[in-house]
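Encoded as structure tokens, the structure appears first; notes follow it.
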Number of protein chains: 2
Amino acid sequence: MVDTKDRLVEGALRVLREEGLTGASARVIAAAAGANQALVFYHFGSVDKLLAEACRCGTEARVARYRERFAAVSSLRELLAVGRELHAVERAEGNVAVLAQLLAGAQTDPRLAPVVADGLNLWIVEIETVLRRVTATLPIADLIDVAGLARAVASAFVGLELYEGVDAAGGTRALDALEQLAVLVEVIDELGPVARRALRAKLRRTGAR
Amino acid sequence: MVDTKDRLVEGALRVLREEGLTGASARVIAAAAGANQALVFYHFGSVDKLLAEACRCGTEARVARYRERFAAVSSLRELLAVGRELHAVERAEGNVAVLAQLLAGAQTDPRLAPVVADGLNLWIVEIETVLRRVTATLPIADLIDVAGLARAVASAFVGLELYEGVDAAGGTRALDALEQLAVLVEVIDELGPVARRALRAKLRRTGAR
DNA sequence: GTCTATACATGGATAGAC
DNA sequence: GTCTATCCATGTATAGAC
């Protein structure tokens, strides 16, 4: 039998997955953990603090699970493949939905906001590392703000996840379209030197900020 | 004095903006509308149904507000400019946050899901129309799934909005990076015919599904 | 650490007066 | 259509026994 405190964290994650933030009460979470309701307050002080801990724990576990996989990526196309696999697995297990629920709740809860930001940041750091590596060889590498792009990718991922929750077919279609767009970037890497130079010149003039 | 039913819808939107979905109870909404709590059930039957109506109404009003602006867009860069203005205004007024709240709630509420999907679809239709127009002249126009891309843009927008709610600086940085990436696509339009042909050939081989 | 019991607030929803 | 009053379920949080 696992520690009760850990079981409560697990229960909180499960409830967030299955019932959403609105259903995440001390009673419901305790029931999901097979524990007594009063223990939520004994171990964590409040429901909010338990949710914060669940966010930290859950995200760390998820990120750790994909760290090796990320490390093996050496091209943009591979990154997309891993991203899609991650999407499928995490969607099936409902883990991204947890972060999405907390992110939505954090909009109006100042106590939750920093914790969720930290959680998202764990993903962003991973993505940023990979992006820096796979874009290093691109002709436009020095014109890309990798840190910004990593943030865009992570948050767009969450948005897509939420969208797919209400329209599965639409979500799949959106992902397919994005994949095409990403191929575009990689293709540029394989263009001739003339086209690359033209692209760079143009980009520096219009895209630099 | 406006109709009470309308005031309740307004109140619901305000509460979703300021308190989030967890705070959207019949009592709180009625108070925000300056109305009696029982009237929520008299006019709408349940809180859920009021929220659904608020989603429909609110989104329709927002989309209508930008229809003219969208119609005037004739290039990808202009679309981005409008997108950024829309982002700034709607963010300041908290309107996208409303859709985000409902989207998060819809993940675990089958009654809310179709309504929110419809609401998001209003945005998607607008974006799709504009995208179809401004990508028509691109050399890779027939290789882009505009409908899918519109869905990706709309949901990514929501994700960015949510992210900015917990990390304002990060959100801005993500938007800047995306803007650079979009310039990339437009720049390809201005490449010479040789590069364009090479791009098309490559894309058709790798990106077509 | 864990349980029962309980106080007390808030929520959904309805009945009935006006 | 609108209000008061009310029922009952659920929620947070604490006290105190074990």
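All heavy atoms count here, side chains included; hydrogens, waters and symmetry mates do not. Just so we're on the same page: letters track the sequence lines, and every chain starts at 1.
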* **salt bridge (Lys or Arg N to Asp or Glu O under 4.0 Å) partner of A/R65, the single match among A/E126, A/E93, A/E85, A/E60** =>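 It is A/E93, the one option of A/E126, A/E93, A/E85, A/E60 that forms the salt bridge (Lys or Arg N to Asp or Glu O under 4.0 Å) with A/R65.
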
* To do: Decide, yes or no, whether a salt bridge links A/R14 with A/E19 under the criterion of side-chain N to carboxylate O below 4.0 Å.
  =>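 A salt bridge is absent here (no side-chain N lies under 4.0 Å from a carboxylate O).
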
* Could you give the CG-to-C1' distance, from A/L39 to D/dT12, as a whole number of Å? ->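 Going from A/L39 (CG) to D/dT12 (C1'), I get 15 Å.
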
* To do: Provide, to the nearest angstrom, the distance between the CD atom belonging to A/E19 and the C1' atom belonging to D/dG11.
  =>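 From A/E19 CD to D/dG11 C1': 15 Å.
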
* To do: Scan B/V28 against the nucleic acid and name what it touches under 4.0 Å (heavy atoms): base, sugar-phosphate only, or nothing.
  =>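 Counting heavy atoms under 4.0 Å across all strands, the contact made by B/V28 is with sugar-phosphate only.
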
For nucleotides 5-8 of chain D, tabulate all protein N/O to nucleotide N/O atom pairs closer than 3.5 Å, reporting atom names and distance.
none

* Evaluate the side chain to side chain contact (heavy atoms under 4.5 Å, CB included) criterion for residues B/K49 and B/R111: first the C-alpha distance (whole Å), next the side-chain angles of each, then the deciding distance (0.1 Å), finally the verdict. => CA-CA 9 Å; B/K49 285 178 193 159; B/R111 291 183 307 265; over 6 Å; no

* To do: For the residue pair B/Y66 and B/W123, categorise the inter-ring angle as parallel (less than 30°), tilted (30 to 60°) or perpendicular (more than 60°).
  =>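 B/Y66 vs B/W123 ring planes: tilted.
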
* **side chain to side chain contact (heavy atoms under 4.5 Å, CB included) between A/L149 and A/D145, worked out** => CA-CA 6 Å; A/L149 202 57; A/D145 176 19; over 6 Å; no

* **5′-ward residue of the pair A/V47/B/Y42 relative to DNA chain D** =>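 Upstream on the strand: B/Y42.
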
* Hey, does A/L51 have a side-chain heavy atom less than 4.5 Å from the side chain of A/I29? ->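 They are in side-chain contact.
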
* To do: Can you sort out the partners of B/D167 under salt bridge (charged side-chain N to carboxylate O under 4.0 Å, His left out), two or more places apart, ordered by chain and number?
  =>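 Applying salt bridge (charged side-chain N to carboxylate O under 4.0 Å, His left out) to B/D167 gives none.
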
* Asked: Are B/K5 and B/F44 in a cation-pi setup, meaning NZ or CZ lies under 6.0 angstrom from the ring centre and within 45 degrees of the ring axis?
  ->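 Yes, a cation-pi geometry holds between B/K5 and B/F44.
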
* Outermost nucleotides of DNA chain C that come under 4.0 Å of a non-hydrogen atom of chain B ->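 The contacted stretch runs from C/dG11 to C/dT14.
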
